[in-house]
Amino acid sequence: MILTVTPNVALDITYRVDQLTPGLSHRVRSVEERAGGKGVNVARALHALGHDTFVLGLVGGATAGAITTDLARGGLAHALVTVEGPTRRSIAVVDARNQEATLFNEPGPRVAATSWNDLEARLAARLPEATALVVSGSLPPGAGDDACARLVRMAAAHRVAVLVDAVGEALLQAAAAGADIVKLNSGELRQTTGRSDVAAAATALRRRGAKAVVVSLGAAGMTAFAPEGSWRAATPAPVVGNPTGSGDAAAAAIIAGAVAGAPWPDRLRNAVALSAAAVLQPTAGSVDLRDYLQLVPQILVEEHHAPGLDR
């Protein structure tokens, strides 16, 4: 079973409009609501791939019921800790002309130390039966910068592989705690390390303690820096659609590959293919396995250099 922790669960709301023009009123053509947050999206993609998953996170307020109902409807087993304050909403406005999404992400409710301790206790109860753990998404107000690192150390104590998708100090501390894989996009990498060179920034994170670093390069694909070497993978041509949740699909493929013991080139190929399949879907967190299977053989993978930290 692959566990996912979403520190800042959201109710994802998608508005579709004919044309998004700042400063004007818009008629919304359709509205969709579903449980969201990066870890939840990872769990959805894993579930679509046929993996047993279990969702942990923090919810509160009137939106909590809608989130648990949607998780149950999607067949996602879960144990959510109730906190004071409403669960945040993440609003995507999709322009029908080009399918581009404009996002508005609320910060989330403040989390008391007791609530975070409760989340850790629920995770501890599940770790003995887990094959891997994904900690993904922003931290809510009140959660310390060491929150992700604490979960990494818990997983390590059970010899459970862990992927962390975070940014800033939380990601740095997770790397120092020995996360097996850290994942972020190139902008987040610069923000976190202060380095503009992707290879140098990834090496800095590995020197800090992360075993492998995966960086999303947007339309240019994805690159991985691991003990075995470094690779970049990309689609032969850009995929047009809604990129919201595509990084979460990639994280799902990466951790699934880690569980299977797949070589890094295969992990990266599957990650780019599943990410692209997510882009083709209008709703974040969704993938069509038919698109994924068609894309896998099209992904181009090239090796950058041999193993080592001195590159």
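In this structure, R208 places its CZ atom where only 12 or fewer heavy-atom neighbours from other residues, nucleotides or ligands lie under 6.0 Å away.
Remark: N98 pairs with no residue by the side-chain hydrogen bond (donor to acceptor under 3.5 Å, both in side chains) rule, at least two apart or across chains. Looking at residues two or more places apart in sequence or on another chain, you find no side-chain hydrogen bond (donor to acceptor under 3.5 Å, both in side chains) involving R267. Listed by chain and residue number, E120 satisfy the salt bridge (charged side-chain N to carboxylate O under 4.0 Å, His left out) test with R150 (two or more places apart in sequence, or in another chain).
V162 places none of its side-chain heavy atoms less than 4.5 Å from the side chain of L151. Proximity of D95 to Q19: side-chain heavy atoms (C-beta onward) are separated by under 4.5 Å at one or more points. Under the 4.5 Å side-chain criterion, counting only non-hydrogen atoms from C-beta, W264 is in contact with I254. At a threshold of 4.5 Å between non-hydrogen side-chain atoms, the residues D291 and Q281 count as touching. A 4.5 Å side-chain heavy-atom check between S136 and T4 finds every atom pair outside the cut-off. Taking the side chain as every heavy atom from C-beta outward, L58 and L119 approach each other to under 4.5 Å. Residues S286 and D288 fail the side-chain proximity criterion, which asks for heavy atoms closer than 4.5 Å. Two residues are said to be in side-chain contact when any heavy atoms from C-beta on lie closer than 4.5 Å; D165 and V134 fail this criterion.
Between the side chain of T235 and the backbone N or O of I299 there is no donor-acceptor pair closer than 3.5 Å.
Residues F54 and V40 do not share a hydrophobic cluster, clusters being chains of Ile/Leu/Val/Met/Phe/Trp/Tyr side chains in contact below 4.5 Å.
The two residues G65 and T68 come nearest to each other via the heavy atoms O-OG1, 3.0 Å.
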Taking only distance into account, with no hydrogens and no angle test, what donor-acceptor pairs under 3.5 Å do side-chain atoms of residues 245-252 form with protein atoms, sequence neighbours excluded?
from: S246; atom 1: OG; to: P243; atom 2: O; distance (Å): 2.7
from: D248; atom 1: OD1; to: K38; atom 2: NZ; distance (Å): 2.8
from: D248; atom 1: OD2; to: N41; atom 2: ND2; distance (Å): 3.0

Give every donor-acceptor pair under 3.5 Å between a side-chain atom in residues 80-87 and any protein atom, sequence neighbours left out.
from: T87; atom 1: OG1; to: G60; atom 2: N; distance (Å): 2.7
from: T87; atom 1: OG1; to: G60; atom 2: O; distance (Å): 3.0

Under 3.5 Å, which donor-acceptor pairs link side chains of residues 211-224 to any protein atom two or more places apart or in another chain?
from: K211; atom 1: NZ; to: G178; atom 2: O; distance (Å): 2.9
from: T223; atom 1: OG1; to: W231; atom 2: O; distance (Å): 2.9

List the steps, then state whether side chain to side chain contact (heavy atoms under 4.5 Å, CB included) holds for F225 with L205. CA-CA 10 Å; F225 302 84; L205 288 176; over 6 Å; no
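With respect to the salt-bridge test (charged N to carboxylate O, under 4.0 angstrom), the residues R195 and D197 do not qualify. With salt bridges taken as basic N to acidic carboxylate O contacts below 4.0 Å, one links R44 and D70. Looking at D18 and R29, a side-chain N of the basic residue comes within less than 4.0 Å of a carboxylate O on the acidic one, giving a salt bridge.
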